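Everything on this sheet refers to the single structure shown next.
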Amino acid sequence: MNTDEIGVLADNYCMNVYGKRTTSIVRGEGLHVWDADGRQYLDFFAGIAVANLGHCHPKVTEAICNQAKTLVHTSNLYLIEPQVKLAEILAKNSFADKWFFCNSGAEANEGAIKLARRYWHAKGESKPVIVTAHKSFHGRTMTTISASGQPKLHDGFDPLMQGFKYADFNSIDALDEAITPDVGAILLEPVQGEGGLGTPDETYLKAVRELCDRKQILMILDEIQTGIGRTGKLFAYEHADITPDIITLAKGMGNGVPIGAMGCTDEIATGFAVGSHGSTFGGNPLCAAAAFATVSTVLEEKLVANAAEMGEYLNLELQQLKQKHSCITEIRGKGLMTGLAVTCPAMDVVVALREKGILIGPAGPNVIRFLPPLTIRKQDVDTVIEALDASFGAL
Ligand code: PLP
């Protein structure tokens with residue numbers, strides 16, 4: 001089918017929640033994808049921070065194919081070898097001793113919220129309220145839109161779920177003020193992905209950790225977008241030299257195969273008892289095998305270091321571009337999670353680059369966002385900078 005034919009079926013049969021889509025990506029290899037009309041693109045968005053190894057990485061493809069030929073699904077009624085191997089590699093490379101697997105980021109956050117509440121409940125304390133940040137994004141389920149500090153996500157969905165409070169991001173005073181005796185946890189993104197690439201001061205996460213310790217509440221980090229190497233560390237909390245109590249992951253963890261995860265310390269894991277939580281598909285053999293291959297490849301191929309190096313290079317090049325184009329007001333983000341605040345509509349730049357064969361995305365009306373695979377090289381950054389230079393000139 002060509003793009004127009006696919007578009008007609010979408011208009012006729014798919015719910016209109018994504019707006020009009022005019023490009024259909026049908027094939028990918030490494031840093032490149034091709035649309036239904038045969039056009040090639042350099043992918044600097046990786047399916048919203050998902051294809052961290054590039055598209056169809058041979059090791060992930062092999063793991064998926066082998067597992068698909070062996071066993072796709074059994075349910076969590078049985079032990080699942082790829083799932084326990086995935087839990088082990090995550091545990092050995094993070095602070096979190098215990099892991100639970102699900103199918104998406106929103107579900108991982110649902111699990112984290114349930115765990116925080118039940119942990120305090122099991123201790124006989126009534127601390128169900130969770131403080132999150134203004135402009136945060138934690139998912140699209142009823143609970144996770146309620147947790148997200150963005151009114152546009154709440155519009156028309158009242159009544160929202162109870163038990164969430166919002167405080168300004170990057171302000172310890174605001175968090176401190178929000179912590180009343182009924183608060184049991186703080187839930188934050190280390191860098192606010194969907195909210196416009198809000199990047200806190202270097203000292204912020206450490207101060208949040210100290211605040212949580214002082215007030216005896218849990219620190220939950222939503223690393224769904226920042227995790228698995230994206231910011232130049234395997235997990236973004238490492239930049240702050242702290243560890244949270246609970247972490248959530250998804251996106252880059254399966255390189256495109258849907259999987260989410262929630263990890264915590266042994267102590268916090270005592271909050272769940274048998275039957276407290278569960279999932280039919282979560283961590284099933286196929287998804288867990290893909291995620292294990294993804295995480296081991298990120299580690300083996302030293303992609304975290306490459307993300308740090310390429311992130312720095314991209315940042316430097318963008319700084320130079322900012323000198324040239326007054327419509328660029330700010331460069332935000334960390335590693336290969338980079339945003340450019342602009343005075344023009346972000347979508348104009350996204351469309352201009354797509355016409356030049358490069359995929360990027362917006363993060364709100366005036367921020368353009370780069371989330372390339374962690375495998376990019378300097379020449380790929382140069383290609384994007386040249387295209388941006390020409391597009392800003394023309395715009
Ligand atoms: N949390 C963060 C920080 C995200 O960026 C996202 C997705 O963009 C989510 C949660 C929700 O993940 P999912 O779309 O897999 O439910």
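For ligands, and for the atoms within them, numbers begin at 1 and follow the listed sequence. Here the structure is a predicted model, which means the values were calculated and not measured.
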Presence of salt bridge, [Y] and [X], under 4.0 angstrom:
X: Glu88; Y: Lys92; answer: yes
X: Glu194; Y: Arg369; answer: yes
X: Glu238; Y: Lys206; answer: no
X: Glu125; Y: Lys127; answer: yes
X: Asp176; Y: Lys215; answer: yes
X: Lys378; Y: Asp382; answer: no

Return the closest protein heavy atom for [atom] as residue, atom name and distance.
atom: atom 16 (O) of ligand 1; answer: Ala106 N, 2.8 Å
atom: atom 1 (N) of ligand 1; answer: Asp222 OD2, 2.7 Å
atom: atom 5 (O) of ligand 1; answer: Gln225 NE2, 2.8 Å
atom: atom 7 (C) of ligand 1; answer: Lys251 CE, 3.3 Å
atom: atom 15 (O) of ligand 1; answer: Gly105 N, 2.8 Å

Mark up the atoms of ligand 1 that fall under 4.0 Å of a heavy atom belonging to [X], in ascending order.
X: Ser104; value: 15 (O), 16 (O)
X: Glu194; value: 5 (O), 8 (O)
X: Glu189; value: 3 (C)
X: Phe137; value: 1 (N), 2 (C), 3 (C), 4 (C), 6 (C), 7 (C), 8 (O), 9 (C), 11 (C)

One residue to check: Asn109. Relative to ligand 1, which of side chain, backbone, both or neither has a non-hydrogen atom less than 4.0 Å away?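 Looking at Asn109 and ligand 1, just side chain atoms fall under 4.0 Å.
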Any idea which part of Arg140 is under 4.0 Å from ligand 1, heavy-atom wise: side chain, backbone, both or neither?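 Contact part for Arg140 vs ligand 1: neither.
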Do Ala250 and ligand 1 have an N or O pair less than 3.5 Å apart?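 For ligand 1, there is no N or O atom that lies under 3.5 Å from one belonging to Ala250.
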Take atom CD of Glu301 as the centre, draw a 6.0 Å sphere, and report whether it contains more than 12 heavy atoms from other residues, nucleotides or ligands.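 Atom CD in Glu301 is packed in, count exceeds 12.
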Under 4.0 Å from atom 12 (O) of ligand 1, do we find at least one protein heavy atom?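 So far as the 4.0 Å threshold goes, atom 12 (O) of ligand 1 is in reach of a protein heavy atom.
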Nearest option to atom 10 (C) of ligand 1, as decided by whichever heavy atom of Glu107, Glu110, His138 sits closest: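 Nearest option to atom 10 (C) of ligand 1, by heavy atoms: His138.
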Val351 side chain near Glu355 side chain, heavy-atom distance below 4.5 Å: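 The answer is yes, as the side chains (C-beta and beyond) meet within the 4.5 Å cut-off.
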Classify the side-chain pair Lys59/Thr294 by whether it contains a donor and acceptor separated by less than 3.5 Å.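 Not at all, the side chains of Lys59 and Thr294 share no donor-acceptor pair under 3.5 Å.
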